[in-house]
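Right, one structure below, let's go through it.
Please read all numbers here as calculations on a predicted model, not as lab measurements. Indexing begins at 1, ligand by ligand and atom by atom, following the structure's order.
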Amino acid sequence: MEHTLSFIDRKAAQHAIPQDADWRVERVAALFELPFNDLLFRAQQVHRAHFDANTVQLSTLLSIKTGGCEEDCGYCPQSAHHDAGVKAEKLMALDEVLAAAQAAKDNGASRFCMGAAWRSPKDRHLEPVMDMVRGVKAMGLETCVTLGMLKAEQARQLKDAGLDYYNHNLDSAPEFYDKIITTRTYQDRLDTLGHVREAGINVCCGGIVGMGESRLERAGLIAQLANLDPYPESVPINNLVQVEGTPLAGTEPLDPFEFVRTIAVARITMPRTMVRLSAGREQMDEALQALCFMAGANSIFYGDRLLTTANPQAAKDRALLARLGMRTSDA
Ligand code: SAM
Ligand code: DTB
Ligand code: SF4
């Protein structure tokens with residue numbers, strides 16, 4: 001099956017990042033095969049050519065609609081197909097969302113990312129979400145939402161509300177995808193990314209590693225991301241958080257150095273993107289996180305929770321960044 005982005009209007013994506021090269025899977029896999037020090041050195045060189053290597057951007061997540069999701073994503077505690085003890089809730093009220101955004105801003109975050117456990121938003125859900133976007137943006141925060149699959153018109157409405165970023169992950173290589181999700185296709189995801197791009201919203205798109213995929217399949221994921229033209233402005237790299245009750249609980253954990261390699265390869269293949277060290281930090285020690293920064297990660301999820309699982313305490317993250325002499329960027 002061909003996996004191509006449909007309907008990209010390049011004019012609408014003026015601020016988007018052009019693709020640098022044709023990253024065939026074999027070329028990406030060859031990067032993974034480099035000796036660790038050589039790979040990290042190359043990633044540092046690329047990182048320093050495009051960013052201040054001591055600055056990290058902070059995004060805070062909020063689950064605005066938790067649980068009861070129709071999709072069967074094997075990693076996700078919010079799927080109604082699994083019993084991970086996550087209670088299905090209604091969409092949060094605007095004032096509660098704005099209070100959480102204000103707290104995130106006061107804590108030093110520059111982007112506020114609102115996540116909903118939907119296959120795709122119903123049209124009646126969009127108006128309240130747009131109010132949230134407007135309210136968060138008025139606070140001077142960058143706005144991001146992740147609501148599942150979007151229609152072209154929904155993407156345009158979100159753009160009109162002032163949305164800065166839409167998060168929608170490819171999650172894995174196309175060859176591995178069917179082992180993880182059966183209720184929507186890889187092409188569905190590419191279509192949503194096309195609508196987001198076409199509407200002129202910045203694309204936040206990454207994936208999960210540690211799901212039992214091979215190194216070649218990790219390379220396949222990165223190649224898919226890097227070959228999007230333009231490639232995403234933000235690339236979250238998640239390490240699977242194993243949640244009891246999900247099909248992927250009990251998967252052999254990924255070698256931590258392989259996670260660092262994935263960050264480095266993302267940095268080399270997408271030089272100007274924000275590479276976000278995403279889910280899984282709570283299970284990493286500080287030395288490993290420092291290696292991820294060295295490999296070119298320049299963004300983190302910041303705040304005590306991800307969506308339903310734990311993230312390092314904000315104060316602990318501030319202490320880590322201070323120990324590493326790292327600054328945070330403003331929106
Ligand atoms: N429902 C929407 C969707 O799937 O597009 C948005 C929310 S969904 C929870 C956002 C992303 O979180 C997923 O695409 C996946 O990459 C990540 N994620 C979910 N559960 C995870 C887990 N247990 N470990 C790591 N990442 C996870
Ligand atoms: C992304 O790539 N990772 C975030 C965000 N985008 C929405 C979500 C991680 C979720 C981890 C599992 C949980 O807390 O439910
Ligand atoms: Fe639903 Fe998103 Fe979880 Fe998949 S990852 S089950 S779409 S909330």
Are any of the side-chain nitrogens in [X] or [Y] under 4.0 Å away from the carboxylate oxygens of its partner?
X	Y	value
Asp255	Arg261	no
Arg27	Asp22	no
Glu127	Lys122	no

Classify the ring geometry between Trp118 and His125 as parallel (under 30°), tilted (30 to 60°) or perpendicular (over 60°).
-> parallel
Does NZ or CZ of Arg111 come closer than 6.0 Å to the centre of the six-membered ring of Tyr165, within 45° of the ring's axis?
-> yes
Give me the residue, atom name and distance of the protein heavy atom closest to [atom].
atom	result
atom 1 (Fe) of ligand 3	Cys69 SG, 2.3 Å
atom 4 (Fe) of ligand 3	Cys73 SG, 2.3 Å
atom 7 (S) of ligand 3	Arg184 NH2, 3.3 Å
atom 3 (Fe) of ligand 3	Cys76 SG, 2.3 Å

Contact check, side chains of Asn202 and Ser234, non-hydrogen atoms, under 4.5 Å = no
Hey, are the side chains of Lys87 and Thr66 touching, using non-hydrogen atoms and a 4.5 Å cut-off?
-> no
Chi angles and distances behind the side-chain hydrogen bond (donor to acceptor under 3.5 Å, both in side chains) call for Glu71, Ser79 | CA-CA 6 Å; Glu71 303 276 350; Ser79 166; over 6 Å; no
Would you mind listing each N/O atom of ligand 1 next to any protein N/O under 3.5 Å, plus the distance?
{"residue": "ligand 1", "atom": "1 (N)", "partner": "Ala116", "partner atom": "O", "Å": "3.2"}
{"residue": "ligand 1", "atom": "1 (N)", "partner": "Trp118", "partner atom": "O", "Å": "3.3"}
{"residue": "ligand 1", "atom": "4 (O)", "partner": "Arg184", "partner atom": "NH2", "Å": "3.2"}
{"residue": "ligand 1", "atom": "14 (O)", "partner": "Asn169", "partner atom": "ND2", "Å": "3.4"}
{"residue": "ligand 1", "atom": "14 (O)", "partner": "Asp171", "partner atom": "OD1", "Å": "3.4"}
{"residue": "ligand 1", "atom": "14 (O)", "partner": "Asp171", "partner atom": "OD2", "Å": "3.2"}
{"residue": "ligand 1", "atom": "16 (O)", "partner": "Asn169", "partner atom": "ND2", "Å": "2.9"}
{"residue": "ligand 1", "atom": "16 (O)", "partner": "Asp171", "partner atom": "OD1", "Å": "2.7"}
{"residue": "ligand 1", "atom": "23 (N)", "partner": "Tyr75", "partner atom": "O", "Å": "3.0"}
{"residue": "ligand 1", "atom": "23 (N)", "partner": "Val241", "partner atom": "O", "Å": "2.9"}
{"residue": "ligand 1", "atom": "24 (N)", "partner": "Val241", "partner atom": "N", "Å": "3.0"}

Enumerated ligand 3 atoms positioned under 4.0 Å from heavy atoms of [X]:
X	value
Ala117	8 (S)
Ser79	6 (S)
Tyr75	5 (S)

When you measure from the side chain of Gln78 to the backbone N and O of Gly67, does any donor-acceptor pair fall under 3.5 Å?
-> yes
Counting only heavy atoms from other residues, nucleotides and ligands, does the tally under 6.0 Å from [atom1] of [X] exceed 12?
X	atom1	result
Met284	CE	yes
Asn54	CG	yes
Arg184	CZ	yes
Glu89	CD	yes

Is there a heavy atom in His81 that sits closer than 4.0 Å to ligand 3?
-> no
Between ligand 2 and the protein, which N/O pairs fall short of 3.5 Å?
{"residue": "ligand 2", "atom": "2 (O)", "partner": "Asn169", "partner atom": "ND2", "Å": "2.8"}
{"residue": "ligand 2", "atom": "2 (O)", "partner": "Asn238", "partner atom": "ND2", "Å": "2.8"}
{"residue": "ligand 2", "atom": "3 (N)", "partner": "Asn238", "partner atom": "OD1", "Å": "3.0"}
{"residue": "ligand 2", "atom": "6 (N)", "partner": "Asn167", "partner atom": "OD1", "Å": "3.2"}
{"residue": "ligand 2", "atom": "14 (O)", "partner": "Leu307", "partner atom": "N", "Å": "3.0"}
{"residue": "ligand 2", "atom": "14 (O)", "partner": "Thr308", "partner atom": "N", "Å": "2.9"}
{"residue": "ligand 2", "atom": "14 (O)", "partner": "Thr309", "partner atom": "N", "Å": "2.9"}
{"residue": "ligand 2", "atom": "14 (O)", "partner": "Thr309", "partner atom": "OG1", "Å": "2.8"}
{"residue": "ligand 2", "atom": "15 (O)", "partner": "Thr308", "partner atom": "N", "Å": "3.1"}
{"residue": "ligand 2", "atom": "15 (O)", "partner": "Thr308", "partner atom": "OG1", "Å": "2.6"}

